[in-house]
Trainee: 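I'd like to ask you about the structure that follows.
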Amino acid sequence: NCPMSPFHFPTLFLCALLFISLRPLLPAAEPIDTRLLDEWKDPAFIKSFTGDLGVRTDIEPSISVEEKALISSILPLITQNQTQAFSSLSVKVTTQSSAALDFLLGHLSNVSGNREQAARHYRVATDKFPNFLRAHKWLGHFYFEQQDFVLATQSYERVLSLNGGDEFVHGRLAYCLLN
C-alpha cells in the first residue's frame, strides 16, 4: 500500500543499502538538543519562524501579532532556560493558538529530553495545521528513534508529499521500508 510509484522503490532500496553499509563509517550524529538550540541563536531562523521573512503558507502556519510578541518575550529563555521557556509558553497556548506555538513547545520538550511530550506537541501542531512540514519531519524522527517504522514511514512520506525531503529523510524512509 505504498503511495509511491514503482520507480521510487529501487532508488529507496539502494539508498537504504548505502545507509546501512556506510553507517559504521559515519561520524556520530550531533545530539538533537544542540541543533534545536542553535536554530534559536540564528537571527534568520527567528525571523523566518515569526514571519518577518515571509511565511510559506502552504507548509508553515501563520502566527498572530500577539503570538509573535509572546515568542519575542521568551526568546532569551529558549537558549538559556528551556524549562522556564516551556512553562511561560505552555500557559499561553490554547486550542486556538497557532500550530507554530505547539511546534515550539515540542522543540522545548525535545531539548529537555522529554521525547514523548515533544511528539505530543508535534502531533497537536500537525492536527491544527496538517501541512506543517517541520512538525511532520520531527514526528518522523521521533517515531524512527522509537523504532516505530510504520508511523515513521507515514510521517516521512508526508514530508515527501510536501516537497520537504532531503537525503536524511530519504535514507531514513528507505530504512523504515526495509524494516
Side-chain angles (χ1 to χ4, degrees), residues 1-9 11-12 15 32 35-36 39-40 42 44-72 74 78 85-86 89-112 114-177 179:
N1 279 342
C2 185
M4 296 184 290
S5 76
F7 299 106
H8 291 291
F9 184 76
T11 304
L12 288 174
C15 287
I32 290 174
R35 290 184 304 191
L36 293 174
E39 286 179 336
W40 289 97
D42 180 7
F45 171 79
I46 295 166
K47 284 183 177 185
S48 71
F49 190 88
T50 58
D52 287 348
L53 297 179
V55 175
R56 288 201 44 209
T57 56
D58 55 332
I59 60 169
E60 293 286 328
S62 59
I63 60 172
S64 69
V65 173
E66 295 81 15
E67 291 169 336
K68 184 177 177 180
L70 174 61
I71 292 170
S72 296
I74 66 163
I78 290 174
F86 180 88
L89 183 60
S90 65
V91 297
K92 305 279 186 174
V93 176
T94 69
T95 57
Q96 305 306 312
S97 299
S98 170
L101 297 182
D102 295 288
F103 179 78
L104 180 52
L105 286 172
H107 263 27
L108 292 170
S109 299
N110 216 343
V111 167
S112 301
N114 192 337
R115 304 283 195 259
E116 294 284 336
Q117 182 176 341
R120 280 194 302 277
H121 287 292
Y122 294 143
R123 280 191 292 270
V124 169
T126 59
D127 288 344
K128 285 182 177 180
F129 193 81
N131 288 345
F132 198 168
L133 174 65
R134 287 184 292 152
H136 283 290
K137 190 180 281 191
W138 280 99
L139 265 176
H141 298 338
F142 168 77
Y143 293 134
F144 186 88
E145 289 172 2
Q146 299 300 309
Q147 296 185 359
D148 187 335
F149 299 122
V150 171
L151 291 177
T153 296
Q154 291 172 3
S155 293
Y156 288 140
E157 285 178 344
R158 184 70 176 128
V159 169
L160 293 180
S161 76
L162 296 169
N163 295 319
D166 55 20
E167 62 276 356
F168 190 72
V169 169
H170 281 96
R172 282 193 164 193
L173 176 58
Y175 187 84
C176 290
L177 291 172
N179 280 283

Trainee: I want to check something: taking the side chain as every heavy atom from C-beta on, are Leu70 and Leu89 in contact at a cut-off of under 4.5 Å?
Mentor: yes

Trainee: Could you check whether the rings of Phe168 and His141 sit parallel, tilted or perpendicular, using 30° and 60° as the cut-offs?
Mentor: perpendicular

Trainee: Excluding sequence neighbours, so at least two apart, what forms ring pair (Phe, Tyr, Trp, His ring centres under 6.0 Å) with Phe86?
Mentor: His121

Trainee: Could you walk me through whether Ile74 and Leu104 pass side chain to side chain contact (heavy atoms under 4.5 Å, CB included), step by step?
Mentor: CA-CA 11 Å; Ile74 66 163; Leu104 180 52; 4.3 Å; yes

Trainee: Does any part of the side chain of Lys92, heavy atoms only, come nearer than 4.5 Å to the side chain of Ser97, both counted from C-beta?
Mentor: no

Trainee: Could I get the full list of side-chain contact (heavy atoms from CB on, under 4.5 Å) partners for Val150, not counting sequence neighbours?
Mentor: Asp148, Gln154

Trainee: Answer whether the closest heavy-atom distance between the side chains of Leu101 and Lys128 falls below 4.5 Å.
Mentor: no

Trainee: Passes side chain to side chain contact (heavy atoms under 4.5 Å, CB included), Leu160 versus His170? Steps please.
Mentor: CA-CA 8 Å; Leu160 293 180; His170 281 96; 3.5 Å; yes

Trainee: Roughly how far, to the nearest 0.5 Å, is CG of Leu105 from OH of Tyr122?
Mentor: 10.0 Å

Trainee: Do you know the tightest heavy-atom contact between Glu67 and Ile63?
Mentor: OE1-CA, 3.3 Å

Trainee: Evaluate the side-chain proximity of Gln146 to Glu116: yes if any heavy-atom separation is below 4.5 Å, no if none is.
Mentor: yes

Trainee: Is there a salt bridge (Lys or Arg N to Asp or Glu O under 4.0 Å) between Glu60 and Arg134 once you walk through the steps?
Mentor: CA-CA 8 Å; Glu60 293 286 328; Arg134 287 184 292 152; 2.6 Å; yes

Trainee: Check side-chain contact (heavy atoms from CB on, under 4.5 Å) between Ala125 and all other residues, then give those that pass, not counting sequence neighbours.
Mentor: Ala99, Asp102, Phe103, Phe132, Ala135

Trainee: Do the side-chain N and O atoms of Ser161 and Arg158 include a donor-acceptor pair separated by under 3.5 angstrom?
Mentor: yes

Trainee: Going by the rule side-chain contact (heavy atoms from CB on, under 4.5 Å), which residues pair with Gln96 if we only count those two or more places apart in sequence or in a different chain?
Mentor: Thr94

Trainee: Once ring pair (Phe, Tyr, Trp, His ring centres under 6.0 Å) is applied, do any residues pair with Tyr143, and if so which ones, sequence neighbours excluded?
Mentor: none

Trainee: Can you give me the closest heavy-atom contact between Val169 and Tyr156, atom names plus distance?
Mentor: CG1-CD2, 3.7 Å

Trainee: With sequence neighbours left out, what residues match Leu133 under side-chain contact (heavy atoms from CB on, under 4.5 Å)?
Mentor: Ile59, Val159, Leu162

Trainee: Could you go through Asp166 and Lys137, starting from their C-alpha distance and side-chain angles, then the distance that decides it, and tell me whether this counts as side chain to side chain contact (heavy atoms under 4.5 Å, CB included)?
Mentor: CA-CA 10 Å; Asp166 55 20; Lys137 190 180 281 191; 3.6 Å; yes

